[in-house]
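To keep things clear, I will list the structure first and then write my remarks on it.
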Amino acid sequence: VRGEQRALARAVSLVEDALPEAEAILSAVYPQAGGALVVGVTGPPGAGKSTLVDRLTSLLRKEGRSVGIVAVDPTSPFSGGAILGDRIRMQGHALDPGVFIRSMATRGSMGGLAVHTAQVCDVLDAAGFQRILIETVGVGQSELEVAQTADSTAVVLVPESGDAVQAMKAGLMEIGDVFVINKADREGADRAAFAVNSALELRAPASAWQPPVLLAVAAKGEGVDELADRFEEHLAFLREHGGLDRRRRQRLEQRLRELVRAGLWVDFEARLADGAWRAEVDALVARRATPHEAAARLAGANAAPVRGRAGT
Ligand SMILES: Nc1nc2c(ncn2[C@@H]2O[C@H](COP(=O)(O)OP(=O)(O)OP(=O)(O)O)[C@@H](O)[C@H]2O)c(=O)[nH]1
Ligand SMILES: [Mg+2]
(Lines give C-alpha, C1' and ligand atoms only; values in the text may rest on other atoms or scores of the structure.)
(Ligands and ions follow the chains in the order given, each with its own letter.)
Protein backbone atom coordinates (compact mmCIF):
# COMPACT_ATOMS: atom_id res chain seq x y z
CA VAL A 1 0.00 0.00 0.00
CA ARG A 2 2.88 2.30 0.75
CA GLY A 3 4.11 1.76 -2.83
CA GLU A 4 0.65 2.52 -4.15
CA GLN A 5 0.59 5.76 -2.21
CA ARG A 6 3.94 6.71 -3.67
CA ALA A 7 2.77 5.96 -7.21
CA LEU A 8 -0.36 7.99 -6.58
CA ALA A 9 1.63 10.88 -5.16
CA ARG A 10 3.77 10.85 -8.28
CA ALA A 11 0.76 10.79 -10.61
CA VAL A 12 -0.80 13.68 -8.73
CA SER A 13 2.42 15.67 -8.94
CA LEU A 14 2.67 15.13 -12.70
CA VAL A 15 -0.91 16.34 -13.13
CA GLU A 16 -0.42 19.19 -10.72
CA ASP A 17 2.64 20.43 -12.56
CA ALA A 18 0.95 19.88 -15.95
CA LEU A 19 3.96 17.89 -17.14
CA PRO A 20 3.76 16.14 -20.53
CA GLU A 21 2.98 12.80 -18.86
CA ALA A 22 -0.12 14.38 -17.32
CA GLU A 23 -2.22 13.96 -20.43
CA ALA A 24 -1.76 10.19 -20.51
CA ILE A 25 -2.57 9.95 -16.81
CA LEU A 26 -5.70 12.04 -17.21
CA SER A 27 -6.87 9.96 -20.18
CA ALA A 28 -6.40 6.81 -18.15
CA VAL A 29 -8.15 8.04 -15.01
CA TYR A 30 -11.07 9.97 -16.48
CA PRO A 31 -13.22 6.96 -17.40
CA GLN A 32 -12.61 5.52 -13.92
CA ALA A 33 -13.56 8.66 -12.04
CA GLY A 34 -17.02 9.74 -10.94
CA GLY A 35 -17.50 7.42 -8.00
CA ALA A 36 -16.26 9.76 -5.29
CA LEU A 37 -18.41 12.28 -3.53
CA VAL A 38 -16.64 15.62 -3.51
CA VAL A 39 -17.11 17.97 -0.62
CA GLY A 40 -15.81 21.54 -0.54
CA VAL A 41 -14.82 23.48 2.56
CA THR A 42 -14.26 27.16 2.00
CA GLY A 43 -14.27 30.40 3.96
CA PRO A 44 -12.05 33.29 5.04
CA PRO A 45 -8.38 32.74 5.96
CA GLY A 46 -7.93 31.18 9.36
CA ALA A 47 -11.60 30.31 9.88
CA GLY A 48 -10.69 26.77 10.85
CA LYS A 49 -11.14 24.99 7.51
CA SER A 50 -8.13 22.69 7.90
CA THR A 51 -9.10 21.83 11.46
CA LEU A 52 -12.61 20.92 10.27
CA VAL A 53 -11.30 18.91 7.34
CA ASP A 54 -8.99 17.05 9.69
CA ARG A 55 -11.87 16.20 12.05
CA LEU A 56 -14.20 15.27 9.21
CA THR A 57 -11.52 12.94 7.92
CA SER A 58 -11.32 11.19 11.30
CA LEU A 59 -15.09 10.71 11.24
CA LEU A 60 -15.13 9.33 7.72
CA ARG A 61 -12.27 6.99 8.56
CA LYS A 62 -14.21 5.65 11.54
CA GLU A 63 -17.03 4.87 9.09
CA GLY A 64 -14.49 3.01 6.98
CA ARG A 65 -14.44 5.47 4.11
CA SER A 66 -11.23 6.42 2.32
CA VAL A 67 -10.55 10.13 2.05
CA GLY A 68 -8.60 12.23 -0.42
CA ILE A 69 -7.82 15.78 0.71
CA VAL A 70 -6.91 18.56 -1.69
CA ALA A 71 -5.95 21.83 0.00
CA VAL A 72 -5.93 24.53 -2.66
CA ASP A 73 -4.21 27.88 -2.45
CA PRO A 74 -2.42 27.34 0.82
CA THR A 75 0.20 29.86 -0.27
CA SER A 76 -2.13 32.79 -0.76
CA PRO A 77 -0.77 36.01 0.69
CA PHE A 78 -3.63 35.88 3.17
CA SER A 79 -2.74 32.58 4.73
CA GLY A 80 1.02 32.75 4.07
CA GLY A 81 2.94 29.59 4.71
CA ALA A 82 -0.06 27.55 5.72
CA ILE A 83 1.12 24.48 3.81
CA LEU A 84 3.25 23.61 6.79
CA GLY A 85 0.35 24.34 9.11
CA ASP A 86 -1.97 22.08 7.09
CA ARG A 87 0.57 19.28 7.21
CA ILE A 88 0.99 19.66 10.93
CA ARG A 89 -2.74 19.81 11.59
CA MET A 90 -3.41 16.77 9.45
CA GLN A 91 -0.40 14.69 10.32
CA GLY A 92 -2.54 12.43 12.44
CA HIS A 93 -3.59 10.94 9.09
CA ALA A 94 -0.15 10.93 7.50
CA LEU A 95 0.48 7.24 8.09
CA ASP A 96 -3.04 6.12 7.19
CA PRO A 97 -3.09 4.53 3.72
CA GLY A 98 -6.83 5.33 3.56
CA VAL A 99 -6.03 9.04 3.50
CA PHE A 100 -4.20 10.96 0.82
CA ILE A 101 -3.35 14.62 1.42
CA ARG A 102 -2.14 17.07 -1.18
CA SER A 103 -1.57 20.78 -0.83
CA MET A 104 -1.79 22.54 -4.17
CA ALA A 105 -0.19 25.88 -4.73
CA THR A 106 -1.98 28.34 -6.94
CA ARG A 107 -0.20 28.58 -10.22
CA GLY A 108 -0.97 29.56 -13.74
CA SER A 109 -2.39 26.53 -15.47
CA MET A 110 -4.28 25.76 -18.61
CA GLY A 111 -7.95 26.33 -17.98
CA GLY A 112 -7.45 27.87 -14.58
CA LEU A 113 -7.37 26.74 -11.01
CA ALA A 114 -10.76 25.03 -10.99
CA VAL A 115 -9.89 22.81 -13.95
CA HIS A 116 -6.58 22.01 -12.35
CA THR A 117 -8.20 21.02 -9.09
CA ALA A 118 -10.78 18.92 -10.90
CA GLN A 119 -7.98 17.04 -12.64
CA VAL A 120 -6.25 16.24 -9.36
CA CYS A 121 -9.62 15.14 -7.95
CA ASP A 122 -10.10 12.84 -10.94
CA VAL A 123 -6.82 11.09 -10.13
CA LEU A 124 -7.85 10.56 -6.50
CA ASP A 125 -11.36 9.56 -7.56
CA ALA A 126 -10.05 6.96 -10.00
CA ALA A 127 -7.66 5.70 -7.33
CA GLY A 128 -10.77 4.72 -5.38
CA PHE A 129 -11.03 7.37 -2.68
CA GLN A 130 -14.67 7.43 -1.66
CA ARG A 131 -14.72 10.99 -0.37
CA ILE A 132 -12.69 13.91 -1.60
CA LEU A 133 -12.45 17.00 0.58
CA ILE A 134 -11.35 20.20 -1.11
CA GLU A 135 -10.20 22.99 1.16
CA THR A 136 -9.95 26.42 -0.41
CA VAL A 137 -9.68 29.94 0.95
CA GLY A 138 -12.76 31.84 -0.16
CA VAL A 139 -11.11 35.07 -1.17
CA GLY A 140 -11.18 35.32 -4.94
CA GLN A 141 -13.13 34.41 -8.02
CA SER A 142 -10.95 31.44 -8.90
CA GLU A 143 -11.25 30.06 -5.38
CA LEU A 144 -15.02 30.36 -5.56
CA GLU A 145 -14.92 28.43 -8.80
CA VAL A 146 -12.89 25.75 -7.07
CA ALA A 147 -15.46 25.56 -4.29
CA GLN A 148 -18.14 25.11 -6.92
CA THR A 149 -16.45 22.03 -8.31
CA ALA A 150 -17.69 20.12 -5.25
CA ASP A 151 -20.92 18.17 -4.97
CA SER A 152 -21.63 19.89 -1.68
CA THR A 153 -19.90 22.91 -0.17
CA ALA A 154 -19.59 24.16 3.39
CA VAL A 155 -18.80 27.82 4.00
CA VAL A 156 -16.93 28.27 7.28
CA LEU A 157 -17.21 31.61 9.05
CA VAL A 158 -16.21 32.86 12.50
CA PRO A 159 -18.25 34.85 15.05
CA GLU A 160 -16.38 38.14 14.72
CA SER A 161 -18.75 40.87 13.67
CA GLY A 162 -18.77 41.72 10.02
CA ASP A 163 -17.76 38.27 8.92
CA ALA A 164 -21.18 37.52 7.50
CA VAL A 165 -21.17 40.81 5.64
CA GLN A 166 -17.73 40.09 4.24
CA ALA A 167 -18.93 36.66 3.21
CA MET A 168 -21.74 38.29 1.28
CA LYS A 169 -19.33 40.62 -0.45
CA ALA A 170 -17.00 37.76 -1.30
CA GLY A 171 -19.83 35.82 -2.91
CA LEU A 172 -19.62 33.08 -0.29
CA MET A 173 -23.30 33.35 0.57
CA GLU A 174 -24.17 32.19 -2.93
CA ILE A 175 -22.18 29.00 -2.90
CA GLY A 176 -22.76 27.47 0.53
CA ASP A 177 -24.93 24.38 0.89
CA VAL A 178 -24.11 24.28 4.59
CA PHE A 179 -22.86 27.16 6.73
CA VAL A 180 -20.66 26.72 9.78
CA ILE A 181 -19.98 29.37 12.37
CA ASN A 182 -16.74 27.94 13.69
CA LYS A 183 -14.90 29.09 16.81
CA ALA A 184 -18.24 29.20 18.56
CA ASP A 185 -16.24 29.16 21.79
CA ARG A 186 -15.83 32.86 21.11
CA GLU A 187 -18.36 35.55 21.70
CA GLY A 188 -21.00 36.36 19.10
CA ALA A 189 -21.55 32.98 17.46
CA ASP A 190 -25.33 33.15 17.85
CA ARG A 191 -25.41 36.65 16.47
CA ALA A 192 -23.30 35.57 13.49
CA ALA A 193 -25.60 32.60 12.85
CA PHE A 194 -28.57 34.96 12.93
CA ALA A 195 -26.87 37.30 10.46
CA VAL A 196 -26.08 34.44 8.11
CA ASN A 197 -29.63 33.12 8.31
CA SER A 198 -30.95 36.60 7.54
CA ALA A 199 -28.61 36.92 4.58
CA LEU A 200 -29.69 33.50 3.33
CA GLU A 201 -33.29 34.65 3.28
CA LEU A 202 -32.27 37.22 0.69
CA ARG A 203 -30.63 34.59 -1.43
CA ALA A 204 -32.61 33.56 -4.46
CA PRO A 205 -33.80 30.03 -3.75
CA ALA A 206 -31.86 27.87 -6.21
CA SER A 207 -33.69 24.79 -5.00
CA ALA A 208 -35.83 23.56 -2.15
CA TRP A 209 -32.68 22.95 -0.11
CA GLN A 210 -32.53 25.36 2.79
CA PRO A 211 -28.86 25.67 3.79
CA PRO A 212 -28.51 24.94 7.51
CA VAL A 213 -26.34 27.16 9.69
CA LEU A 214 -24.40 25.26 12.36
CA LEU A 215 -22.19 26.25 15.24
CA ALA A 216 -18.90 24.43 15.71
CA VAL A 217 -15.73 24.42 17.76
CA ALA A 218 -13.55 22.53 15.33
CA ALA A 219 -10.52 22.67 17.61
CA LYS A 220 -12.45 20.55 20.12
CA GLY A 221 -14.29 18.48 17.54
CA GLU A 222 -17.65 19.99 18.52
CA GLY A 223 -20.22 20.27 15.76
CA VAL A 224 -18.25 18.07 13.40
CA ASP A 225 -20.68 15.16 13.62
CA GLU A 226 -23.49 17.50 12.78
CA LEU A 227 -21.59 18.95 9.84
CA ALA A 228 -20.98 15.44 8.51
CA ASP A 229 -24.70 14.67 8.93
CA ARG A 230 -25.72 17.82 7.07
CA PHE A 231 -23.38 16.97 4.22
CA GLU A 232 -24.94 13.52 3.97
CA GLU A 233 -28.41 15.04 4.06
CA HIS A 234 -27.55 17.48 1.33
CA LEU A 235 -26.02 14.78 -0.85
CA ALA A 236 -29.10 12.59 -0.28
CA PHE A 237 -31.30 15.55 -1.16
CA LEU A 238 -29.36 16.11 -4.37
CA ARG A 239 -29.57 12.47 -5.36
CA GLU A 240 -33.27 12.36 -4.66
CA HIS A 241 -34.01 15.39 -6.81
CA GLY A 242 -31.60 14.67 -9.62
CA GLY A 243 -29.50 17.59 -8.48
CA LEU A 244 -26.29 15.61 -8.24
CA ASP A 245 -26.33 14.70 -11.92
CA ARG A 246 -27.35 18.22 -12.81
CA ARG A 247 -24.52 19.76 -10.79
CA ARG A 248 -21.97 17.37 -12.19
CA ARG A 249 -23.12 18.02 -15.72
CA GLN A 250 -22.87 21.79 -15.19
CA ARG A 251 -19.44 21.34 -13.70
CA LEU A 252 -18.18 19.28 -16.63
CA GLU A 253 -19.69 21.76 -19.04
CA GLN A 254 -17.86 24.57 -17.30
CA ARG A 255 -14.65 22.56 -17.34
CA LEU A 256 -15.02 21.93 -21.07
CA ARG A 257 -15.69 25.60 -21.67
CA GLU A 258 -12.55 26.61 -19.77
CA LEU A 259 -10.44 24.14 -21.70
CA VAL A 260 -11.78 25.23 -25.06
CA ARG A 261 -11.22 28.85 -24.11
CA ALA A 262 -7.67 28.09 -22.99
CA GLY A 263 -7.00 26.01 -26.09
CA LEU A 264 -8.24 28.74 -28.40
CA TRP A 265 -6.06 31.24 -26.64
CA VAL A 266 -2.94 29.08 -26.94
CA ASP A 267 -3.74 28.59 -30.60
CA PHE A 268 -4.26 32.28 -31.10
CA GLU A 269 -0.97 33.18 -29.45
CA ALA A 270 0.91 30.57 -31.42
CA ARG A 271 -0.27 32.11 -34.67
CA LEU A 272 0.15 35.72 -33.75
CA ALA A 273 2.61 37.42 -36.10
CA ASP A 274 5.69 38.88 -34.43
CA GLY A 275 4.96 42.34 -33.13
CA ALA A 276 1.25 42.27 -34.03
CA TRP A 277 0.18 42.33 -30.40
CA ARG A 278 2.54 45.12 -29.48
CA ALA A 279 1.43 47.19 -32.49
CA GLU A 280 -2.19 46.98 -31.41
CA VAL A 281 -1.35 47.89 -27.83
CA ASP A 282 0.61 50.88 -29.16
CA ALA A 283 -2.42 51.88 -31.20
CA LEU A 284 -4.62 51.68 -28.11
CA VAL A 285 -2.23 53.72 -26.01
CA ALA A 286 -2.06 56.40 -28.72
CA ARG A 287 -5.86 56.20 -29.09
CA ARG A 288 -5.50 55.49 -32.79
CA ALA A 289 -7.72 52.43 -32.45
CA THR A 290 -10.47 51.37 -30.08
CA PRO A 291 -10.09 48.14 -28.09
CA HIS A 292 -12.87 46.61 -30.19
CA GLU A 293 -11.16 47.49 -33.45
CA ALA A 294 -7.82 46.18 -32.24
CA ALA A 295 -9.37 42.95 -31.01
CA ALA A 296 -11.24 42.44 -34.27
CA ARG A 297 -8.04 42.99 -36.26
CA LEU A 298 -6.06 40.54 -34.16
CA ALA A 299 -8.80 37.94 -34.28
CA GLY A 300 -9.29 38.49 -38.02
CA ALA A 301 -5.60 38.06 -38.73
CA ASN A 302 -5.92 34.72 -37.00
CA ALA A 303 -9.01 33.51 -38.73
CA ALA A 304 -7.19 30.69 -40.53
CA PRO A 305 -8.75 27.25 -40.05
CA VAL A 306 -7.94 25.75 -36.69
CA ARG A 307 -5.64 22.76 -36.57
CA GLY A 308 -6.47 20.09 -34.04
CA ARG A 309 -5.04 21.15 -30.76
CA ALA A 310 -6.76 19.72 -27.75
CA GLY A 311 -6.36 21.40 -24.39
CA THR A 312 -4.78 19.55 -21.53
N1 LIG B 1 -10.80 29.23 19.39
C2 LIG B 1 -10.87 28.39 18.39
N3 LIG B 1 -9.82 28.27 17.56
C4 LIG B 1 -9.92 27.41 16.52
C5 LIG B 1 -11.08 26.64 16.28
N6 LIG B 1 -10.89 25.91 15.18
C7 LIG B 1 -9.65 26.20 14.73
N8 LIG B 1 -9.06 27.10 15.54
C9 LIG B 1 -7.71 27.67 15.41
O10 LIG B 1 -7.71 28.62 14.36
C11 LIG B 1 -6.47 28.63 13.70
C12 LIG B 1 -6.67 28.47 12.20
O13 LIG B 1 -7.20 27.19 11.96
P14 LIG B 1 -7.07 26.47 10.55
O15 LIG B 1 -7.80 25.20 10.65
O16 LIG B 1 -5.66 26.45 10.11
O17 LIG B 1 -7.85 27.51 9.66
P18 LIG B 1 -7.89 27.57 8.07
O19 LIG B 1 -9.22 28.16 7.74
O20 LIG B 1 -7.56 26.24 7.50
O21 LIG B 1 -6.73 28.59 7.76
P22 LIG B 1 -6.07 28.93 6.33
O23 LIG B 1 -5.98 27.64 5.57
O24 LIG B 1 -4.75 29.50 6.67
O25 LIG B 1 -6.99 29.91 5.68
C26 LIG B 1 -5.64 27.52 14.31
O27 LIG B 1 -4.78 28.07 15.26
C28 LIG B 1 -6.69 26.64 14.97
O29 LIG B 1 -6.18 25.93 16.06
C30 LIG B 1 -12.17 26.79 17.19
O31 LIG B 1 -13.23 26.18 17.07
N32 LIG B 1 -12.01 27.68 18.21
MG1 LIG C 1 -6.12 25.72 6.03
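Everything numeric here is computed off the predicted structure, so don't read it as measured data. Read the numbers this way: they start at 1 and go in the same order the structure lists the ligands and their atoms.
- Between Val137 and ligand 1, no N or O atom pair is found at a separation short of 3.5 Å.
- When only interatomic distances are considered, the shortest N/O to N/O separation between Ala184 and ligand 1 does not fall below 3.5 Å.
- Between Lys49 and ligand 1, at least one N/O pair is under 3.5 Å apart.
- Assignment of Lys220 to the shell around ligand 1 is not supported, since no heavy atom sits closer than 4.0 Å.
- With sequence neighbours excluded, no residue satisfies side chain to side chain donor-acceptor pair (under 3.5 Å) with Thr153.
- Angle OE2 (Glu135) to the Mg ion (ligand 2) to OG (Ser50): 90°, rounded to 10°.
- Coordination check, Thr51 versus the Mg ion (ligand 2): failed, since every N/O/S atom of the residue sits at 2.8 Å or beyond.
- Under 4.0 angstrom from ligand 1, there are no non-hydrogen atoms of Glu222.
- With respect to Glu160 and Arg186, a salt bridge is recorded, a charged nitrogen being found less than 4.0 Å from a carboxylate O.
- Atoms of ligand 1 lying under 4.0 Å from at least one heavy atom of Ala219, given by number and element, are 4 (C), 5 (C), 6 (N), 30 (C), 31 (O).
- Note: Trp277 and Phe268 have perpendicular aromatic rings, judged against thresholds of 30 and 60 degrees for the angle between ring planes.
- Taking only nitrogen or oxygen atoms, main chain and side chain alike, Pro45 does not reach within less than 3.5 Å of ligand 1.
- Here Asp185 has side-chain heavy atoms under 4.0 Å from ligand 1, and that is the only part of it that gets that close.
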Would you give me the side-chain donor-acceptor pairs under 3.5 Å for residues 216-230, sequence neighbours excluded?
unit_1	atom_1	unit_2	atom_2	d
Glu226	OE2	Arg230	NH2	3.3
Arg230	NH1	Glu233	OE2	2.9

